[in-house]
S.K.: 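Quick one: the structure is below, questions incoming.
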Amino acid sequence: MGAWAIAVHGGAGVDPNLPKERQDEAKRLLTRCLDIGISALRSNVPAIDVVELVVRELETDPLFNSGRGSALTEKGTVEMEASIMDGPKRRCGAVSGLTTVKNPISLARLVMEKSPHSYLTTPGAEEFAKKQGVEMVDNDYFITEDNVGMLKLAKEANSILFDYRIPTVGTCGAAVDSHLQMNGLPISVYAPETVGCVVVDKEGRCAAGTSTGGLMNKMSGRIGDSPIIGAGTYACELCGVSCTGEGEAIIRSTLARDVAAVMEYKGLNLHEAVDYVIKNRLDEGKAGLIAVSKNGEVACGFNTTGMFRGCATEGGFMEVGVW
C-alpha cells in the first residue's frame, strides 16, 4: 500500500493585476475540489473515479474555462473538449467539439470504457453521448454574461488576455497591442484557464483528466491540447500529468508524455522531470502542469506569471496558490 496524492489546476497564465476578490474566489473553488478528492481517496475510491469526480465539479462551476463558463468561439458559441487517462493499462478517452454535453470529462470516460475508440469529435461525439444517456443541455447553459462581454472586447482588441476576464488596457481605455504569437501568427485573445486533476491512490494507480472551452474568440473547429493524449493529458504506471496554457506549444512538445518519458529514460524523479520539461520543452511557449507519481509525490511547474493550482498528500500537506 502506498500513499495517495492529488493536484488540481484552473489554468496557467494569470493577469498580475488580478483583483484579490477573484484570487480568493479561485482559491475557494480549488480548495473545495481538493476536499472532494481527499474525501474520496480516504474512502479508497480509485484514482480514475476521483479524477472524473473533481473535474466534473470544476466543469459545473462557471469560474474557470470548462463546462459552464467556457470561452466563446468567434461565433459566440461554446465548443468544449476533454480527455481522461487511467495509468495502469494506459486506457484513455477524449472528446472535442462538444456543444451540448453538460460534463465533457464524463463523456471522455465513456469513450474510454464504452466504445472501441480513444477519441470522438463532433458530430459523432454528441451522437454517442445521446446513446449513452449522458445529461445534455442547450448551448446557452454554458454561456455566461462575463464571457459575452469578454468576447466583445476580444473582437475589438488585438491583444492576448492571459486572464480572459481581465482586459489589458492602456491609456484612455485603449487595448494594448500584443506582439505575442501562436504558431508564428498573431492571435487576438488567449484564455488559458483550462481545468485539470491528477491523482494517485493508495494502490499506486495514477490517473489524469483535463477539460476546457479553449480560446476566447477562437476559430470554430479549433482543437487544443486538452483532448490530445500525450500533450494535454497523460497517465501511466509512473505518473499522471495534466497541462494548461498555450495549447499549440503543448501539442508540439507532447508536454504531458514528456514528463513520463524523462522519468523513464533519464531516471529523473517527479520534481526533476516537471522542472526539466517546463524549462526545456516549451521553446517560447507559455504553459504549466500538475503531476503525481506512483510513489505519492505531487509537483507543479509553470513558466507563466501564475497558475491556479492546489495539491494535497496523504501525509497532511495541502497547498492552494496562484502565483
S.K.: Determine, using the 4.5 Å side-chain heavy-atom cutoff (strictly less than), whether V51 and V195 are members of one ILVMFWY cluster.
M.R.: yes

S.K.: Tell me whether K218 contacts the main-chain N or O of E79 through its side chain, where contact means a donor paired with an acceptor under 3.5 Å.
M.R.: yes

S.K.: Indicate the atoms forming the closest heavy-atom contact of I278 with G301, along with that distance.
M.R.: CD1-O, 3.8 Å

S.K.: Checking the side chain of N139 only, and the main-chain atoms of V78 only, is there a donor and an acceptor separated by less than 3.5 Å?
M.R.: yes

S.K.: Please identify which of these residues, V55, I48, D86, meets the side chain to side chain contact (heavy atoms under 4.5 Å, CB included) condition with R109.
M.R.: I48

S.K.: In Å and rounded to the nearest 0.5 Å, what is the CG to SG distance from L58 to C197?
M.R.: 7.5 Å

S.K.: With sequence neighbours excluded, give me every side chain to side chain donor-acceptor pair (under 3.5 Å) pair touching residues 311-323.
M.R.: Q23-W323

S.K.: Donor-acceptor pair, N65 side chain versus G214 backbone, under 3.5 Å?
M.R.: yes

S.K.: Taking all heavy atoms of G285 and all of E246, pick out the closest pair and write down the distance.
M.R.: CA-OE1, 3.5 Å

S.K.: Counting distance only, does the side-chain N/O of N269 pair as donor-acceptor with the main-chain N or O of H271 below 3.5 Å?
M.R.: yes

S.K.: If you compare all heavy atoms of G10 against all heavy atoms of F64, which two are closest, and at what distance to 0.1 Å?
M.R.: O-CD2, 3.4 Å

S.K.: For S83 and T233, which heavy atoms make the closest approach, and how far apart are they?
M.R.: OG-OG1, 2.8 Å

S.K.: Between OH of Y234 and SG of C239, what distance do you get to the nearest 0.5 Å?
M.R.: 8.0 Å

S.K.: Going by an N to O cut-off under 4.0 Å, is there a salt bridge joining R222 and E74?
M.R.: no

S.K.: Output the distance between atom OG1 (T121) and atom CD (E126), rounded to the nearest 0.5 Å.
M.R.: 9.0 Å

S.K.: Determine, stepwise, if the pair R281 / Y276 fulfils side-chain contact (heavy atoms from CB on, under 4.5 Å).
M.R.: CA-CA 8 Å; R281 289 294 183 262; Y276 181 86; 3.7 Å; yes

S.K.: Got a sec: does the CZ of R309 have more than 12 other heavy atoms crowding it under 6.0 Å?
M.R.: yes

S.K.: Test your reading of the model: is there a side-chain donor-acceptor pair from D61 to the backbone of L63, 3.5 Å cut-off?
M.R.: yes

S.K.: Please say yes or no: joined through hydrophobic side-chain contacts below 4.5 Å, possibly via intermediate residues, are M85 and V50 part of one cluster?
M.R.: no

S.K.: Does a donor on one side chain and an acceptor on the other come within less than 3.5 Å for S96 and Y119?
M.R.: yes

S.K.: Hey, is CE on M318 packed in by over 12 heavy atoms from elsewhere, all under 6.0 Å?
M.R.: yes

S.K.: With side-chain contact (heavy atoms from CB on, under 4.5 Å) as the criterion, how do V8 and L34 come out once you've worked through the C-alpha distance, each side chain's angles and the decisive distance to 0.1 Å?
M.R.: CA-CA 7 Å; V8 297; L34 280 178; 4.1 Å; yes

S.K.: Is L107 reachable from I229 through a run of I, L, V, M, F, W or Y residues, each pair having side-chain heavy atoms under 4.5 Å apart?
M.R.: no

S.K.: Cluster question for you: counting only ILVMFWY and a side-chain heavy-atom cut-off of under 4.5 Å, with indirect links fine, are V134 and V95 together?
M.R.: yes

S.K.: If only atom types and distance count, is the side chain of S43 paired as donor or acceptor with the main-chain N or O of V45 below 3.5 Å?
M.R.: no

S.K.: Between S39 and D35, does a side-chain contact (heavy atoms from CB on, under 4.5 Å) hold up when you go through it step by step?
M.R.: CA-CA 6 Å; S39 177; D35 287 340; over 6 Å; no

S.K.: Side chains of S211 and S66 only: does a donor on one sit below 3.5 Å from an acceptor on the other?
M.R.: no

S.K.: Distance only, no hydrogens: is a donor on one side chain within 3.5 Å (strictly under) of an acceptor on the other, for T210 and S226?
M.R.: no

S.K.: Considering only heavy atoms from C-beta outward, does the side chain of K202 approach that of L41 to under 4.5 Å?
M.R.: no

S.K.: Once you round to the nearest 0.5 Å, how far does CE of M307 lie from OG1 of T194?
M.R.: 11.5 Å

S.K.: For N217, run the side chain to side chain contact (heavy atoms under 4.5 Å, CB included) check against T73, L153, L151, L72 and tell me which one passes.
M.R.: L151

S.K.: Any idea which heavy atoms bring F142 and R68 closest together, and the distance?
M.R.: CD2-N, 3.6 Å

S.K.: Can you name the closest pair of heavy atoms from A71 and N147 and give their distance?
M.R.: N-ND2, 4.2 Å

S.K.: Under 3.5 Å, side chain of D258 to main-chain N/O of T254, donor-acceptor pair present?
M.R.: no

